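Accompanying notes for the structure given below.
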Number of protein chains: 2
Amino acid sequence: MAGKVGIKDVARQAGVSVGTVSNVINNPELVSDDTRIRVRAAIERLGYVRSDTARQLRAGQSRIVAMLVLDLANPFFAEVAKGAERALRDADLGVMVCNSAGSTSEESEYLSLFAEQRVRGVLVTPADTSGRAVETLRSRGIPFVLVDRSLPADQGCSVSIDDVLGGSMAVRHLLSAGHRRIAYVGGPMHLAQVRDRYAGGLEAVREAGLGDDAFLPLDSDRLDVSAGRDAGARLLGLAPRPTAVFCANDLLALGVLQSLYAAGVRVPHDIALVGYDDIEFAAAAAVPLTSVRQPAARIGRTAAELLLQETDGAEAAHTHQRIVLQPELVVRDSSRAAASAPASNT
Amino acid sequence: MAGKVGIKDVARQAGVSVGTVSNVINNPELVSDDTRIRVRAAIERLGYVRSDTARQLRAGQSRIVAMLVLDLANPFFAEVAKGAERALRDADLGVMVCNSAGSTSEESEYLSLFAEQRVRGVLVTPADTSGRAVETLRSRGIPFVLVDRSLPADQGCSVSIDDVLGGSMAVRHLLSAGHRRIAYVGGPMHLAQVRDRYAGGLEAVREAGLGDDAFLPLDSDRLDVSAGRDAGARLLGLAPRPTAVFCANDLLALGVLQSLYAAGVRVPHDIALVGYDDIEFAAAAAVPLTSVRQPAARIGRTAAELLLQETDGAEAAHTHQRIVLQPELVVRDSSRAAASAPASNT
DNA sequence: TGAACGCAATGAAACGTTTCAATTTCGTGT
DNA sequence: ACACGAAATTGAAACGTTTCATTGCGTTCA
């Protein structure tokens, strides 16, 4: 029955003009008690639902904020999304969560969709490192905030974690446990996160006076558990086997852990393992995982607030901000010195 | 520069009428090559982006499908969402993934948002068991498909798993291992999934000629890891301690596992554990988790296809379908007859 | 040569709101 | 009783598309 009830049906039913109905909805204080009650009743009776579509057309922008993440199945991003959602809901905005799956083509497809939808703004973790995503958004005049990726403050807002620092913390931790041959398992290198964490690790290695070959990159094409399993298998085939592995995220680490276990390689006794993100499952893993913790929900919330500030705020008065949060190393069994020197045994 | 470029700007620039520009975009074959090229060039030059808002207003419906899940942070739903997203993208529709967090009030808030947005359709896992969600959608004339929840075929489409069967499979498995005192850890009982899985377990217990008290429900208020930890703690305080636990989902099971471990209770030696969903992390847990597997991505894809059929299809010709998929028990260490040190697994 | 036709292109209506200037109604003070 | 300002209501324009009945024009056929 519903679906075709418009504001003018309500107006007729209540015996007033459309303008008055609109006012009852948006500026109740301008309408007399009498009329307001009558209109409200008509709305109720007819089951009228305002068309946000038409409202948006007039207003020029929608009440939806888009969020584009690298992997919806990664609990880290799910947590970021939850944080953002909460903040945006308080501002009466809907969130459209989408998944670029790390693909630049899907990313640009979604960005086009967002542009056509005239979304209020976009929270995005770019899959493309070349800045094309940012460029696209800027040229289309869509407000955005980069999530989990940094940007010079004059180019736009961003909320990120210092990934270089995170990488160096992880590797420094392994070095101090005596490891001298560390592998880095990381997804496609065009992802900034993957590169930065690698860079941080390399920095730590050099700092320790070791050659770059002490930190061996092992490319993986995705950042999920099954890619981790593949990497684990390749790891076992390496000539002088690394004694420690640092993974670009926890999903990879869990995959690596599974492969190693299946092959009878013990963690941390034979190989130490460190992940990244500290997702909830890291602590519950077969061997509780040492990981670099990122304050996921806070990242999401902060990004959402920045976006709100930019769109709602004093318009031209907004100045972009680059917010960089600090990661934190959480040490668990997977990298704890197994009471013996892991250097060169067997 | 962009943002305010409309179809009429393009028309002026190309020296044609707005109708022609519209045709170039939507019915290129109606326009002469000459004009088409000229218009395309103008579009390019001006950076014109079609306003889907206006287009929708005219068409009466949008190109967005909403998806409302119980918990975005649960990898099971993330997987379902991915499956649905893929199918809908192929149909050139955007997906708006939202999180009711199992709350009926958030659920109805979102349903209102969807109605105002005039979304094309909704994929929903209702938090409300009373059918109010379905009633709301139907009364507003919004096409929908129930996900992970069944519905009589005359009431609408649904794609679900036989949760009663799943519950009975899990409990039968535990009974056959000799357990006679089994606890059930389940989220809010108003969730159909939680009740059905319980019902299945009860069925198995009765079938074995045991009293209902052999299957002890332990209420948890949410379905996540931390609720599982709480439940684990309560579990340990029970007078005659259960020898096995069946959890309504894997997150709870992982939480229970953590509590038990922390208290020095061994799994499966002291207490056997079975989860539900078989999320990717179940296999990687401290003790690999026995679980009831649900084909998550397939559920999502199927639901999306059903929705497409209902909205695009031969309109009135569509008949609702109730699709019920079968779950599958995956046995791992957490419930294996103890007796000896468990071997490795996959 | 004129009629009939088909293809391109046009221009205005319609979609459902919000906004705002104009109008009506009301209450009050003189 | 009158005028005046405030309060309430109205009606139409505008938002950016799509759709569709028309118009304009060049071809073909008789």
Side-chain angles (χ1 to χ4, degrees), chain A residues 2-40 42-43 46-64 92 113 115-120 140-141, chain B residues 2-40 42-43 46-64 112-113 115-120 140-141:
Chain A
K4 13 185 63 271
V5 186
I7 204 175
K8 60 183 62 147
D9 299 300
V10 175
R12 195 173 327 119
Q13 168 80 218
V16 298
S17 73
V18 293
T20 302
V21 176
S22 177
N23 277 334
V24 168
I25 298 173
N26 304 295
N27 307 89
E29 72 280 4
L30 295 183
V31 180
S32 71
D33 295 358
D34 210 30
T35 313
R36 190 168 348 116
I37 289 170
R38 199 147 32 92
V39 171
R40 289 241 166 89
I43 288 179
L46 269 50
Y48 165 73
V49 176
R50 169 174 65 192
S51 160
D52 213 49
T53 305
R55 189 234 241 299
Q56 288 169 200
L57 177 56
R58 188 92 217 315
Q61 62 173 2
S62 86
R63 281 168 53 223
I64 294 191
D92 198 33
L113 176 66
E116 291 197 356
Q117 297 291 335
R118 300 286 194 271
V119 297
R120 179 74 66 94
R140 287 180 178 154
Chain B
K4 17 184 59 268
V5 185
I7 204 174
K8 61 182 63 143
D9 298 301
V10 175
R12 196 173 327 118
Q13 169 81 216
V16 298
S17 72
V18 293
T20 300
V21 175
S22 176
N23 278 334
V24 168
I25 298 173
N26 304 296
N27 306 89
E29 72 280 6
L30 295 183
V31 180
S32 72
D33 295 358
D34 209 30
T35 314
R36 190 168 348 117
I37 290 170
R38 201 148 29 94
V39 171
R40 289 239 166 92
I43 288 180
L46 268 50
Y48 165 72
V49 176
R50 168 174 66 192
S51 161
D52 213 50
T53 305
R55 190 234 241 300
Q56 287 167 202
L57 177 56
R58 188 88 211 326
Q61 64 173 1
S62 86
R63 280 168 53 223
I64 294 192
S112 296
L113 177 66
E116 290 197 358
Q117 296 291 335
R118 300 286 194 271
V119 297
R120 178 75 65 93
R140 288 181 178 153

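Predicted model only: the values in this text are computed from it and were never measured. The figures that follow rest on heavy atoms only: side chains count, while hydrogens, waters and symmetry mates do not.
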Show each protein N/O and nucleotides 23-27 of chain D N/O combination with a separation under 3.5 Å, one pair to a line.
none

Rounding to an integer number of Å, can you tell me how far [X] [atom1] sits from [N] [atom2]?
X         : N       : atom1 : atom2 : answer
Arg55(B)  : dT17(C) : CZ    : P     : 20 Å
Ile43(B)  : dT17(D) : CD1   : P     : 10 Å
Ile7(B)   : dT10(C) : CD1   : C1'   : 13 Å
Arg12(A)  : dG16(C) : CZ    : P     : 12 Å
Glu116(B) : dG16(C) : CD    : C1'   : 13 Å
Arg63(A)  : dT18(C) : CZ    : P     : 11 Å
Gln61(B)  : dT18(D) : CD    : C1'   : 14 Å
Arg36(A)  : dA8(D)  : CZ    : P     : 9 Å

Inset, instruction - Report the C-alpha separation of Arg38(A) and Thr20(A) in whole Å, then their side-chain angles, then the decisive distance to 0.1 Å, and conclude whether the side chain to side chain contact (heavy atoms under 4.5 Å, CB included) test is met. - result: CA-CA 11 Å; Arg38(A) 199 147 32 92; Thr20(A) 302; over 6 Å; no
Legend entry - Nearest atoms (heavy-atom pairs only) where Pro28(A) meets Asn26(A):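 Looking at all heavy atoms of both residues, the shortest contact is CD-C, 3.5 Å.
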Inset, instruction - Mind listing the closest non-hydrogen atom pair of Ala115(A) and Arg140(A) along with its distance? - result: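 Looking at all heavy atoms of both residues, the shortest contact is CB-CD, 3.7 Å.
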Inset, instruction - Could you please spell out the steps behind the side chain to side chain contact (heavy atoms under 4.5 Å, CB included) verdict for Gln56(A) and Arg118(A)? - result: CA-CA 9 Å; Gln56(A) 288 169 200; Arg118(A) 300 286 194 271; over 6 Å; no
Legend entry - Partner of Val31(A) under side-chain contact (heavy atoms from CB on, under 4.5 Å), chosen from Val16(A), Asn23(A), Ile37(A):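 In the set Val16(A), Asn23(A), Ile37(A), the residue that makes a side-chain contact (heavy atoms from CB on, under 4.5 Å) with Val31(A) is Asn23(A).
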Inset, instruction - Would you kindly compare Leu30(B) and Leu57(B) by the position of their nearest DNA chain C nucleotide and give the one closer to the 5′ end? - result: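 First, find each residue's nearest nucleotide; the 5'-ward one identifies Leu30(B).
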Inset, instruction - Report the residue (Val31(B) or Tyr48(A)) whose heavy-atom-nearest nucleotide on DNA chain C is the more 5′ of the two. - result: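 The answer here is Val31(B).
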Legend entry - Angle between terminal axes - the helix from dT1(C)-dA30(D) to dT30(C)-dA1(D), 5 pairs each end, rounded to 10°: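 Between the axes fitted at each end of the helix from dT1(C)-dA30(D) to dT30(C)-dA1(D) lies an angle of 60°.
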Inset, instruction - Evaluate the side-chain proximity of Gln117(B) to Ile64(B): yes if any heavy-atom separation is below 4.5 Å, no if none is. - result: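 No, side chains not in contact.
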Legend entry - Heavy-atom side-chain contact between Leu57(A) and Arg55(A) under 4.5 Å: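 The answer is no, as the side chains (C-beta and beyond) never meet within the 4.5 Å cut-off.
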Inset, instruction - Sequence neighbours left out, what passes side chain to side chain donor-acceptor pair (under 3.5 Å) with Ser62(A)? Give chain and number order. - result: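 Partners of Ser62(A) by the side chain to side chain donor-acceptor pair (under 3.5 Å) criterion come out as none, since no residue qualifies.
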Legend entry - Under the side chain to side chain donor-acceptor pair (under 3.5 Å) test, residues paired with Ser51(A) that sit two or more places apart: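 If we apply the side chain to side chain donor-acceptor pair (under 3.5 Å) test to Ser51(A), skipping adjacent residues, there are no hits.
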Inset, instruction - Look at Glu116(B) together with Arg63(A) and state whether they make a salt bridge at an N to O cut-off of under 4.0 Å. - result: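 Salt bridge flag = yes for Arg63(A) with Glu116(B).
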Answer with base, sugar-phosphate or nothing: what part of the nucleic acid does [X] contact at a heavy-atom distance below 4.0 Å?
X        : value
Ser32(A) : sugar-phosphate
Thr20(B) : base
Thr35(A) : sugar-phosphate

Legend entry - Contact under 4.0 Å: Ser51(B) side-chain N or O vs dG16(D) OP1/OP2: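 Ser51(B) to dG16(D) OP1/OP2: no side-chain N or O under 4.0 Å.
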Legend entry - Phosphate OP1/OP2 of dC15(D): any Arg118(A) side-chain N/O under 4.0 Å: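 So the side-chain polar atoms of Arg118(A) never come under 4.0 Å of the phosphate oxygens OP1 or OP2 of dC15(D).
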Inset, instruction - Quick one: do Asp34(A) and Arg36(A) satisfy side chain to side chain contact (heavy atoms under 4.5 Å, CB included)? Show the steps, please. - result: CA-CA 5 Å; Asp34(A) 210 30; Arg36(A) 190 168 348 116; over 6 Å; no
N/O donor-acceptor pairs under 3.5 Å from side chains in residues 7-14 of chain A, not counting sequence neighbours:
{"unit_1": "Asp9(A)", "atom_1": "OD2", "unit_2": "Gly6(A)", "atom_2": "N", "d": "2.7"}
{"unit_1": "Gln13(A)", "atom_1": "OE1", "unit_2": "Arg45(A)", "atom_2": "NH1", "d": "2.1"}

Please write out each protein N/O paired with an N/O of nucleotides 19-28 of chain C under 3.5 Å, distance rounded to 0.1 Å.
{"unit_1": "dT19(C)", "atom_1": "O4'", "unit_2": "Arg58(A)", "atom_2": "NH1", "d": "3.1"}

